[in-house]
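Here the structure is a predicted model, which means the values were calculated and not measured. As a basis for the values below, the full set of heavy atoms in this structure was taken, side chains included, without hydrogen atoms, waters or symmetry mates. Chain naming here is simple, since letters A, B, ... match the order of the sequence lines and numbering starts at 1 in each.
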Amino acid sequence: MAKRECGVVREMSDNKFKSSVLGASENKSFAMALPAVLWQGIFLYVPVVFIIGISFLKGLDGSVFKNITLGNYDTLMNSSYFITIYRSVVLAFSTALMCLILAYPTAYFLAIKVKKYKNLLFFLLILPFWINFLVKAYSWFFILDHNGFVNSFLIKIGLISTPFHILNTPIAVYIVMVFCYLPFMILPLYNSMAKIDKFLLEASSDLGATAGQTLWHITIPLSMAGITSGFFLVLIPSFGEFVIPTLLGGGKTMYVGSMISYFFLETKNVFLGSAFTCLSGLALIFVALSIYFVFNKIGKKNMGVK
Amino acid sequence: MREIKIKNVKKTFNGEVILDNVNLTIPNGAFFALLGPSGSGKTTLLRLIAGFETVDSGSIFFGDKDITYLPIHKRRVNTVFQNYALFPHFNVFDNVAYSLKIKKVPKDIIEQKVVSVLKKVHLEKHIYKSISQLSGGQQQRVALARAIINEPDVLLLDEPLAALDLKLREEMLVELIDLQSSLKTTFVYVTHDQFEALTVADRMAIMNGDGEIEQVGTPKEIYEFPGSSFVAKFVGSTNIFKGVLKIEGDKSYFEVGDLGKFEINLPKNKGWESGRNILMSIRPEKFEICKTELQGFSNCLEGNVASIVYHGRSTQYNVRLNNGFRVSVFEQNEEHFPQEVIDYEDKVYIYWQKENVVLLEK
């Protein structure tokens, strides 16, 4: 009996000991996270709250309450500004989709098929990260120009007689967007595919699956995490992309990024600009959530024979 | 009858010869073991049959049909992988149903077949569990069920029990034997474990480290009549003596320089002549060890006990002969009657019959 009690006591003290250790480590890790949390809070969340607040104001003279209005949103809803949000959604989505289509075979080849020179090829793949974004985007100016590489090549081989008008069109914007964002898609895809056990692919074909069936039932579901994160890594920044549309679109076609810069820097209408920023943010959240929902569904559907 | 015929198959990886002119016939319906040390190319041979690798030269026949270059998914061959290779995003049911789903078999038939095959491997209670919830032994059974559900002509097993503990391995071996005899499917079982191979196989092939097949036969043939010292040493343990063949009248002897000559039965089909250098292999359990002189044995050697290793069911004595050679001797610890105690450094006699000797060329 005495022995038993002893055991119980020791068990309790063990639990106590464990919980106190865990508690301490939780406190400590929160302390370690504090600088980043403060940074995010002061420089991200507080300004966002300000922008949301300003979007409901019509001026800064006198009392705040007198200035509250929904007029900014009303103006936007009834204007052609709204179409820029739609245009940016289309650009972001199609960029992400094209990046996925181009990146998937590349990542597949590199992660699963290549055996020799894997590291070298991988290095070449991430090399664009080392080059300044602006330089990468601007270099396309010379490729797509009237006297640029593409046009002079096509004329030389006799395919066309007068140069294509590519620069300063949405097509130029799209091409360069895909080029610049491609590595952001390849990396997460490569990471998720490199983790797939090669024996699973052999087992699939051993069980009678063709290469296409193995891709659909095994490789894609097991790389779904990479597809999702790559898609969002491209979708979200390309929605607000400012540099590429300005440089290669010639500023003629307006996107969300160029619109925001127009409100804040050119017309200096911070109230309308804030409302526009909020609306575009909402649109992005809505689009991202819908896509996430669809991806989740595809992922689940592939999880079994249903 | 559809046997697997492997003809003059050669396979190299980066210039290194893995399989060198391999010829092998695996009979239909056999439980066939491919036994060899690691790096002997046995897994490569299995992967060639499955279709994961292609030969450099030579061909593989299935019955009369040349399957050398047939795509993997068209072969009626399924594999149980060493690491099981179960699909982690499927549960037990979906893993087992995979090949039927690929063939677009109607759902109710899939369900029926999955349940019946899971019963065969005693997993019917775990049908909707995820793979990560299963123990190693259960995962092994799922892999087995997944591979047999499609009723393949040949089931390939690549060291399937390597990751299991001894007790579970012994159980699974018995189950595999039962499964094979009920399915009548040809099983090709790759292993480096001679105990597993001897237990399950009704025929086996021994591969050496140079990508060649040393010997093919039943487990008993392989164990009792090894064709080379490699086989004798790899399957079980043995004592090898180097010596010279002496034929005197109708009797023949094996002469070892400083140990004397021993009576042997001359193998008639080999056409060996007197004076030939040969090897003599004697299994440790074929010896009788005793401190006193015994009658009725054809051969005897004297020595001292150098070490004693107690194994439970048997005891291994290492006996140092007069010329410094060491001979390993197994004695069953049957002890039906009080027995003499053999101790360390005791002077002992070891006896054997000439019928229990295997003579080898290399």
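Interface remark: B/Ile149 contributes no atoms to any contact with chain A (heavy atom separation under 4.5 Å). Contacts of B/Phe81 with chain A are made by side-chain atoms alone, with heavy-atom separations under 4.5 Å and no backbone atom involved.
Open room surrounds CG on B/Asp64; 12 or fewer heavy atoms of other groups in view lie less than 6.0 Å from it. No more than 12 heavy atoms of other residues, nucleotides or ligands sit less than 6.0 Å from atom OH of A/Tyr86. Annotation: B/Asp165, atom CG; neighbour count of heavy atoms from other residues, nucleotides and ligands within 6.0 Å is above 12. More than 12 heavy atoms of other shown residues, nucleotides or ligands fall within 6.0 angstrom of atom NZ in B/Lys129. Within a 6.0 Å sphere centred on CG of B/Leu164, heavy atoms belonging to other residues, nucleotides or ligands number more than 12. For NZ of A/Lys198, the number of neighbouring non-hydrogen atoms (other residues, nucleotides, ligands) closer than 6.0 Å is greater than 12. More than 12 heavy atoms of other residues, nucleotides or ligands lie within 6.0 Å of NZ in A/Lys118, so this atom counts as buried by the packing criterion. Enclosure of atom CZ in A/Phe133 by more than 12 non-hydrogen atoms of other residues, nucleotides or ligands within 6.0 angstrom is indicated.
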Practice prompt. Given side-chain contact (heavy atoms from CB on, under 4.5 Å), test A/Gln213 with B/His73 step by step and report yes or no.
Written response: CA-CA 11 Å; A/Gln213 285 168 322; B/His73 65 272; over 6 Å; no
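Scanning residues 31-52 of chain B against chain A with a 4.5 Å heavy-atom cutoff picks out B/Arg47, B/Ala50, B/Phe52, ordered by number.
Atom CG of A/Leu200 is separated from atom CG of B/Asn83 by 7.5 Å, given to the nearest 0.5 angstrom. In this structure, the separation between CG on A/Asp206 and OG1 on B/Thr79 is 3.5 Å, given to the nearest 0.5 Å. Here the OG-CZ distance, from A/Ser205 to B/Arg75, works out to 10.5 Å after rounding to the nearest 0.5 Å.
Between chain A and the residues B/Lys103, B/Arg146, B/Arg76, the largest count of heavy-atom pairs under 4.5 Å involves B/Arg146.
Counting heavy atoms from C-beta on, the side chains of B/Ile102 and A/Leu207 never come closer than 4.5 Å.
Closest approach of A/His217 to B/Phe90, counting heavy atoms only: O-CZ, 3.9 Å.
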